[in-house]
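What's counted below: heavy atoms across the whole structure, side chains too, no hydrogens, waters or symmetry copies. Here is the naming used below: chain letters follow the sequence lines, and residue numbers restart at 1 for every chain. Only a predicted model underlies this, so the values are computations on that prediction, with no experimental measurement involved.
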2 protein chains.
Amino acid sequence: MQINQSNVSVRDLRAFTALAELRNFTRAAKECNLSQPAFSALIRALEDSVGVRLFDRDTRKVELTAEGRLFLESATRLLQDFGLALTDLRDLATRRRGRVAVAVLPALAAGWLPDVLAEFHQAYPGIELDVADALADECIDRVRAGKADFALASSRSTSAELTSELFCADRFHLVCRRDHALAGRRRVTLQQLAEEPFIHLARSSSVRQHIDQAIWPGRARKVMELDQLSTVAGMVRAGLGITVVPALTLFHFRHPELVTVPLEAPGMVREIFLLRSRDRGLSIAARTLYELCVLRKPAMRGPRSPA
Amino acid sequence: MQINQSNVSVRDLRAFTALAELRNFTRAAKECNLSQPAFSALIRALEDSVGVRLFDRDTRKVELTAEGRLFLESATRLLQDFGLALTDLRDLATRRRGRVAVAVLPALAAGWLPDVLAEFHQAYPGIELDVADALADECIDRVRAGKADFALASSRSTSAELTSELFCADRFHLVCRRDHALAGRRRVTLQQLAEEPFIHLARSSSVRQHIDQAIWPGRARKVMELDQLSTVAGMVRAGLGITVVPALTLFHFRHPELVTVPLEAPGMVREIFLLRSRDRGLSIAARTLYELCVLRKPAMRGPRSPA
DNA sequence: CACACTTACGATATTCGTAAGGATT
DNA sequence: AATCCTTACGAATATCGTAAGTGTG
């Protein structure tokens, strides 16, 4: 007997239980796909390893010893537990079970993500999904805290813990009423919007920040400032002014009275990044969703105007 | 990945948990007494075996994957359970734990067994003892039913399930008062007792059966018939008669007014047998007590008269 | 003498350690 | 340059199957 350096394998336990059940070396050996002498040696090695004789055997009879009976209980339970552990693990690997948590900008979460998640869920119905629609800072926090596997946010990571890669570039569009002077254009420029009454989003939104950077505040004729894009849509529809929003939010403005026109403003792009922890790799489930997101990523130019 | 023929060993799990804890191949390898490359190969083989990547590793960092974290829980529990199973088993093997059940004739159980058990218990205090003091038939039943590991009884086994070996031969002694005519003899014969008033045990006792066989009933002057030997002792002491009992019961008659004299009756022997199941081997604890019983067995001639 | 476990032994696979390679800080 | 994981490869070890051995009913 080695000094407590016993090395018992799952196969050993299976051999043991097989012999305990069949009480016959020859048949148990066949069950384990081993020659009978090899099987015999295996059992002997196991007995040495645990330090106790497990079977009383002569040429006619094979019986568990009292100690063997005790060990059989343990061995059976161990095999069962191991099997369960392995099943769990393989369920994860085959994506039959699992969990993915993502943090996504509200615009993407509402407009683009649902179809992607639907596709994902249909392919892997056993995987639990956790979506947080949050602004950039909270997205980053969630990834950093391990509460999200990855995030789609509009700013790069601030710390070295996260990696970021460009996911898509969200270009801006004019939104106006169908009867507006610019409604028929294929493109519009910032200059053409300078004197238009403008419906703004709150200063805290990333959209507003981009716009303030491009159209310096003094130039635009601000009519009002709102928090929700759907409210902005209502205001524009009522003829109170125009607005400018990134392509990914245009789904808020799909309405027969409204028209969207791509904005000609080369530098004016809201970049969206895919953020994830630098050291903590993605789980299989998370990686799968990650890959699907990349595969289904919105076209870089943004969707055409619905007009 | 093999088709569900995974063979994982305890050593693999230990390596896995070591690496999960240390997050460093070199140190974990040392912990497992392996060269670092061998350890690396072992981990890779384990990952292949379970079919899932368990660690994310580059040259600078080793981290569990999400799947690895799940498996760590299982592995830890499995190792713990295995350790417990092994400890239990080795406790049995080293006789630090266990249980022995014996069925023993009342005479042996009261007179001879206590000292043997005391010795046994001192040597192996962790082993639980179950003693049934029962007559021959019940002793046999208990062994056959698996309720006793072995028995000391005064008849051979009736069935082929049990093996019996002669344990000791219990010879008969006269018991009389110190002032009795035969009290001074070194030996007495059956003839010398023929006319003595005789205190009998009940017909069901094995002692009585031996006596009835040797001294045919008509010849003895039966004074009374009792169930308990200690009552017989009292009657003899009161001068109501003599009796004849086997050596192993003489402890009932140790009294200043009583004398015991070996009986000269060659064929008259109560044989006591050690009985055990033919196929079911003895547990380590049982075998140990068995061996001690044989070692401490009463001398074949029976003890000298205390006179 | 037929069946079932054990021993013997040469062949095959695995596993090991050393040394070299490659990547990251 | 130092650290740490991986690859390469010959050597040591373990395991396997065939065949002979042994004991029991």
Side-chain angles (χ1 to χ4, degrees), chain A residues 1-2 5-16 18-50 53-65 68 159-163 277-281, chain B residues 1-2 5-16 18-50 53-65 68 159-161 163 278-281:
Chain A
M1 169 172 43
Q2 306 104 312
Q5 274 298 84
S6 70
N7 187 23
V8 174
S9 71
V10 168
R11 182 156 154 276
D12 295 336
L13 295 183
R14 273 201 274 260
F16 169 70
L19 182 56
E21 191 181 339
L22 297 172
R23 296 208 287 267
N24 176 304
F25 276 67
T26 310
R27 284 201 292 279
K30 207 166 294 173
E31 174 110 354
C32 296
N33 302 311
L34 272 175
S35 71
Q36 189 274 325
F39 186 84
S40 187
L42 186 155
I43 294 293
R44 199 154 5 96
L46 177 63
E47 289 179 325
D48 283 355
S49 193
V50 300
R53 191 162 187 79
L54 298 170
F55 293 95
D56 271 333
R57 44 197 185 277
D58 59 27
T59 55
R60 278 298 152 191
K61 198 163 280 178
V62 178
E63 285 286 351
L64 280 168
T65 60
S159 79
E161 296 176 60
L162 305 186
T163 61
S277 164
R278 183 175 297 277
D279 7 273
R280 180 177 350 218
Chain B
M1 166 170 52
Q2 308 103 310
Q5 274 298 85
S6 68
N7 188 22
V8 174
S9 71
V10 168
R11 184 155 154 277
D12 295 336
L13 295 182
R14 272 202 274 261
F16 169 69
L19 182 56
E21 190 181 341
L22 297 172
R23 295 208 287 267
N24 177 306
F25 275 67
T26 311
R27 283 201 292 280
K30 206 167 294 172
E31 175 108 354
C32 295
N33 302 312
L34 273 175
S35 72
Q36 189 273 327
F39 186 84
S40 187
L42 187 155
I43 293 294
R44 200 154 5 95
L46 177 63
E47 288 178 326
D48 283 354
S49 193
V50 300
R53 191 163 188 79
L54 298 169
F55 294 96
D56 271 331
R57 43 194 185 278
D58 59 28
T59 54
R60 276 301 151 191
K61 197 162 280 177
V62 176
E63 285 287 351
L64 279 168
T65 60
S159 79
E161 299 174 56
T163 61
R278 185 176 295 278
D279 6 273
R280 183 180 343 222

Near-strand residues of residues 18-30 of chain B, defined as heavy-atom separation under 4.0 angstrom from DNA chain D: B:N24, B:F25, B:T26

Would you grab the first and last nucleotide of DNA chain C (5' to 3') that comes under 4.0 Å of any non-hydrogen atom in chain B? C:dC16 to C:dT25

Restricting to nitrogen or oxygen on both sides, can you table the protein-nucleotides 22-25 of chain D pairs closer than 3.5 Å?
from, atom 1, to, atom 2, distance (Å)
D:dT24, O4', A:T59, OG1, 3.0
D:dT24, O2, A:R60, NH2, 3.4

Distance from [X] atom [atom1] to [Y] atom [atom2], nearest 0.5 Å?
X	Y	atom1	atom2	value
A:F39	A:N24	CZ	CG	9.5 Å
A:L162	A:R278	CG	CZ	8.5 Å
B:F16	B:L64	CZ	CG	5.5 Å
B:R14	B:L19	CZ	CG	15.5 Å
A:S49	A:I43	OG	CD1	12.0 Å
A:E21	A:E31	CD	CD	7.0 Å

With B:S9 via side chain to side chain donor-acceptor pair (under 3.5 Å) - residues at least two apart: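 Scan of B:S9 (side chain to side chain donor-acceptor pair (under 3.5 Å), adjacent residues dropped) gives A:N7, B:D12.
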
So which of residues 35-46 of chain B are in contact with DNA chain C, with a heavy-atom cut-off of under 4.0 Å?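 Here the set is B:S35, B:P37, B:A38.
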
With a 3.5 Å distance limit and no angle check, can you tell me whether A:T65 reaches the backbone of A:R53 through a side-chain donor-acceptor pair? yes

D:dC16 OP1/OP2 closer than 4.0 Å to side-chain N/O of A:R11: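 For A:R11, the contact criterion (side-chain N or O under 4.0 Å from OP1 or OP2 of D:dC16) is met.
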
Mind listing the closest non-hydrogen atom pair of B:A18 and B:C32 along with its distance? CB-SG, 4.2 Å

Quick test of your reading: applying salt bridge (charged side-chain N to carboxylate O under 4.0 Å, His left out), list the pairs with at least one residue in residues 54-63 of chain B, sequence neighbours left out, ordered by first then second residue.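 Every salt bridge (charged side-chain N to carboxylate O under 4.0 Å, His left out) pair that includes a residue of residues 54-63 of chain B, provided the two are not neighbours, is A:D279-B:K61, B:R23-B:E63, B:E47-B:R57.
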
